Amino acid sequence: MPELPEVQTIVNDLLTAGLVGAEITGARVFWPRTISGMSPAAFGRRVKGRVVTGVWRRAKYIVVDLDGGLGLLIHLRMTGRLDLVPARQPRAKHEHVILELGDQRHLRFHDTRKFGRFCLTAEPGKILDRLGPEPLSAAFTARRLADCLKARRRMVKPLLLDQRMIAGLGNIYADEALWAAGIHPGRMAGTLLPAEIKALHRAIRQVLAQGVKNLGTTLGSGAGNFYSIARHRGRNRDALKVFRRDGLPCPRCAHPIRRIVVGQRGTHFCPVCQQ
DNA sequence: GTCTATGTTTGCGG
DNA sequence: TCCGCAAACATAGA
């Protein structure tokens with residue numbers, strides 16, 4: 001569920017909460033498959049005694065830098081969540097990893113569907129360098145987007161969701177960007193005109209920047225929804241124009257929004273504005 | 001109770 | 001290489 005704006009919000013909250021400088025005094029793993037590439041025991045040995053030196057975001061990864069040159073990459077996938085809580089708080093259902101901190105707090109990983117992953121590595125670049133450009137950085141230009149789309153016999157929406165092309169877009173913001181640009185999600189990528197590519201480039205940056213500003217999108221109220229640290233909800237839902245708004249009027253032309261399936265993903269668009 | 005959909009990514013097969 | 005599909009899981013909602 002968390003896309004770029006949601007992950008950025010979590011990172012910002014972790015920084016505000018003072019995670020940098022904290023020492024990891026121990027780790028407990030309750031679902032071994034959450035830890036990728038090594039056993040839970042090895043993971044515990046290697047993080048114990050390390051101090052957090054930085055927290056940042058790349059695509060949908062939370063990157064926790066540790067002293068000694070290690071990086072902990074956390075990917076939330078669909079339902080992952082991080083909670084920073086007092087050490088004394090009892091473990092909740094679905095808390096699969098607990099990082100014990102020296103300041104009597106715990107950083108806990110909560111994940112109902114168990115798709116999320118922790119990857120501890122000395123070479124984070126091996127994973128992060130495979131990803132496309134950060135859409136809010138200067139490296140993401142209309143030209144760069146055009147190169148991604150060029151000669152591709154593939155629908156534009158699945159391409160936008162491909163993290164090797166652009167890093168950080170997910171289902172919500174892809175639908176929103178395509179609506180803002182007036183492009184049908186099933187359009188073949190290679191057929192986009194230069195003006196459409198420019199509009200799409202601008203739309204991607206606009207919807208993501210707005211999502212960050214609104215502290216992410218929380219859709220419902222259940223445990224599987226987006227919550228940042230300390231259970232903060234995002235308020236970007238009110239800014240959504242099409243996502244999960246099928247049947248409601250398009251904000252531009254009032255024609256009812258439709259929901260179809262594109263590349264096995266629920267897809268929302270306006271049949272009039274996005275021909 | 002039963003059935004379907006789900007905001008992500010990977011790996012497989014054509 | 002490119003692309004579509006199923007799987008990894010649990011729960012909410014119909």
Side-chain angles (χ1 to χ4, degrees), chain A residues 1-10 30-37 57-62 73-82 92-97 109-119 126-128 130-132 147-179 185-190 207-208 211-212 214-228 233-237 239-247 259-269:
Chain A
M1 116 251 242
E3 308 180 27
L4 185 155
E6 290 73 36
V7 177
Q8 186 64 55
T9 300
I10 291 166
F30 300 90
W31 183 257
R33 295 179 61 176
T34 300
I35 310 298
S36 94
R57 180 193 61 74
R58 171 78 171 103
K60 301 175 192 171
Y61 287 92
I62 297 161
L73 307 185
I74 301 176
H75 200 298
L76 273 9
R77 293 282 183 98
M78 297 277 279
T79 55
R81 197 174 83 202
L82 289 174
K93 192 178 176 183
H94 305 307
E95 282 181 354
H96 306 311
V97 180
F109 179 62
H110 181 286
D111 188 16
T112 49
R113 289 180 73 179
K114 299 178 175 168
F115 292 166
R117 292 292 178 264
F118 278 41
C119 177
K126 277 202 170 161
I127 292 169
L128 303 180
R130 295 195 306 234
L131 301 163
D147 287 341
C148 288
L149 298 162
K150 193 172 54 185
R152 281 269 156 51
R153 307 178 52 76
R154 190 184 183 189
M155 295 184 287
V156 62
K157 174 168 170 181
L159 186 143
L160 292 182
L161 296 177
D162 188 334
Q163 301 297 299
R164 294 169 302 186
M165 301 292 159
I166 304 162
L169 274 179
N171 211 28
I172 298 176
Y173 297 96
D175 279 3
E176 293 296 315
L178 287 165
W179 178 85
R187 182 87 172 274
M188 283 299 151
V207 298
L208 290 175
V212 171
N214 287 334
L215 309 178
T217 302
T218 301
L219 288 167
S221 55
N225 288 276
F226 166 66
Y227 291 95
S228 183
R233 301 166 58 85
R235 41 185 162 70
N236 197 56
R237 188 170 81 155
L240 300 182
K241 312 293 190 196
V242 288
F243 193 80
R244 296 232 182 133
R245 294 181 57 80
D246 30 315
R259 179 186 183 281
I260 58 175
V261 174
V262 175
Q264 311 118 241
R265 312 296 305 276
T267 297
H268 313 74
F269 76 111

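Chain identifiers are assigned alphabetically (A, B, ...) following the order of the sequence lines, protein sequences preceding nucleic acid strands; residue numbering begins at 1 within each chain. Being a predicted model, the structure only gives us computed values, none of them experimental.
Side-chain atoms of A/Q264 do not come within 3.5 Å of backbone N or O of A/V262 as any donor-acceptor pair. Listed for the A/T79 side chain is no donor-acceptor partner under 3.5 Å among the backbone atoms of A/D111. No side-chain donor-acceptor contact under 3.5 Å links A/T217 to the backbone of A/R237. Of the possible polar contacts, one joining the A/E176 side chain to the A/F243 backbone as a donor-acceptor pair under 3.5 Å is found. A distance-only check finds a donor-acceptor pair linking the side chain of A/H110 to the backbone of A/K93 [under 3.5 Å].
If you take CD1 of A/I10 and P of B/dG7, they are 17 Å apart, rounded to a whole angstrom. One can place CG of A/L208 at 14 Å from C1' of B/dG7, the figure rounded to the nearest angstrom. When rounded to the nearest whole Å, the span between CD1 of A/I172 and P of B/dT8 equals 7 Å. The CD atom of A/E3 sits 9 Å away from the C1' atom of B/dT8 (whole-angstrom rounding). We find that CD of A/Q264 is positioned 12 Å from P of C/dA7, with the value rounded to whole Å. For the pair A/L131 CG and B/dT8 P, the interatomic distance rounds to 14 Å; values are reported in whole Å. The nearest whole Å value for the distance from the CD1 atom in A/I62 to the P atom in B/dT9 is 13 Å. Protein atom NE2 of A/H75 is 14 Å distant from nucleotide atom P of B/dG7, rounded to whole Å.
Each of A/H268, A/E3, A/K157 was scored for a side chain to side chain donor-acceptor pair (under 3.5 Å) with A/N171, with one residue passing: A/K157.
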Protein and nucleotides 2-5 of chain B: nitrogen or oxygen contacts under 3.5 angstrom:
residue : atom : partner : partner atom : Å
B/dA5   : O3'  : A/R259  : NH2          : 3.4

Detail all sub-3.5 Å separations between protein N/O atoms and N/O atoms belonging to nucleotides 11-14 of chain B.
none

Anything under 3.5 Å between a protein N or O and an N or O of nucleotides 9-12 of chain C, put it in a table, one pair a line.
residue : atom : partner : partner atom : Å
C/dC9   : OP1  : A/R33   : NH1          : 2.4
C/dC9   : O2   : A/R113  : NE           : 2.5
C/dC9   : O2   : A/R113  : NH2          : 3.4
C/dC9   : N3   : A/R113  : NH2          : 2.9
C/dA10  : OP1  : A/K114  : NZ           : 2.6
C/dA10  : O4'  : A/T112  : O            : 3.4
C/dT11  : OP1  : A/H94   : NE2          : 2.7

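Residues from residues 152-168 of chain A with heavy atoms under 4.0 angstrom of DNA chain C, sorted by number: A/R152, A/R153, A/R154.
One finds the CG atom of A/L73 at 5.0 Å from the CD1 atom of A/I127 (value rounded to the nearest 0.5 Å). Atom-to-atom distance recorded for A/Y173:OH and A/E6:CD is 4.0 Å, nearest 0.5 angstrom. Atom CZ of A/R233 sits about 10.5 Å away from atom CZ of A/F226, to the nearest 0.5 Å. Going from atom CZ of A/R265 over to atom CD1 of A/I260 covers 13.5 Å, rounded to the nearest 0.5 Å. Atoms CD1 and CG, on A/I166 and A/L131 in that order, are 12.0 Å from each other to the nearest 0.5 Å. Summarising the geometry, atom CG belonging to A/L160 is positioned 5.5 Å from atom CG belonging to A/L178; distances are rounded to the nearest 0.5 Å.
Residues A/D147 and A/K150 are paired through a salt bridge, judged by an N-O separation under 4.0 Å between the basic side chain and the carboxylate.
Remark: A/T34 engages A/W31, A/H96, A/V97, A/F109, A/F118 in a side chain to side chain contact (heavy atoms under 4.5 Å, CB included) (not counting sequence neighbours).
Listed pair A/R77 / C/dA8 fails the phosphate criterion, with no side-chain N or O lying under 4.0 Å from OP1 or OP2. Of the side-chain N and O atoms in A/R117, none sit less than 4.0 angstrom from OP1 or OP2 of C/dA8.
Remark: DNA chain B takes part in the stems B:2-6 with C:10-14, B:8-14 with C:2-8, each of 3 or more antiparallel Watson-Crick or G-U pairs, criterion distances under 3.5 Å.
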Please determine whether side chain to side chain contact (heavy atoms under 4.5 Å, CB included) holds for the pair A/L215 and A/S228, giving the CA-CA distance in whole Å, both sets of side-chain angles, and the decisive distance to 0.1 Å.
CA-CA 9 Å; A/L215 309 178; A/S228 183; over 6 Å; no

Run the numbers on A/D175 and A/L240 for side chain to side chain contact (heavy atoms under 4.5 Å, CB included), then give the verdict.
CA-CA 9 Å; A/D175 279 3; A/L240 300 182; over 6 Å; no

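When each of A/H268 and A/Y61 is assigned the nucleotide of DNA chain B with its nearest heavy atom, A/H268 is the one assigned upstream, toward the 5' end.
As rounded to the nearest Å, B/dT9 and C/dA12 have P atoms that lie 23 Å from one another. Taking the C1' atoms as reference points, C/dT11 lies 23 Å from B/dT10, given to the whole Å. C/dA8 and B/dT2 have their P atoms separated by 22 Å, given to the nearest Å. Nucleotides B/dG7 and C/dC3, compared at atom C1', are 23 Å apart to the nearest Å.
Between A/L169 and A/L4, every side-chain heavy-atom pair lies at or beyond the 4.5 Å cut-off.
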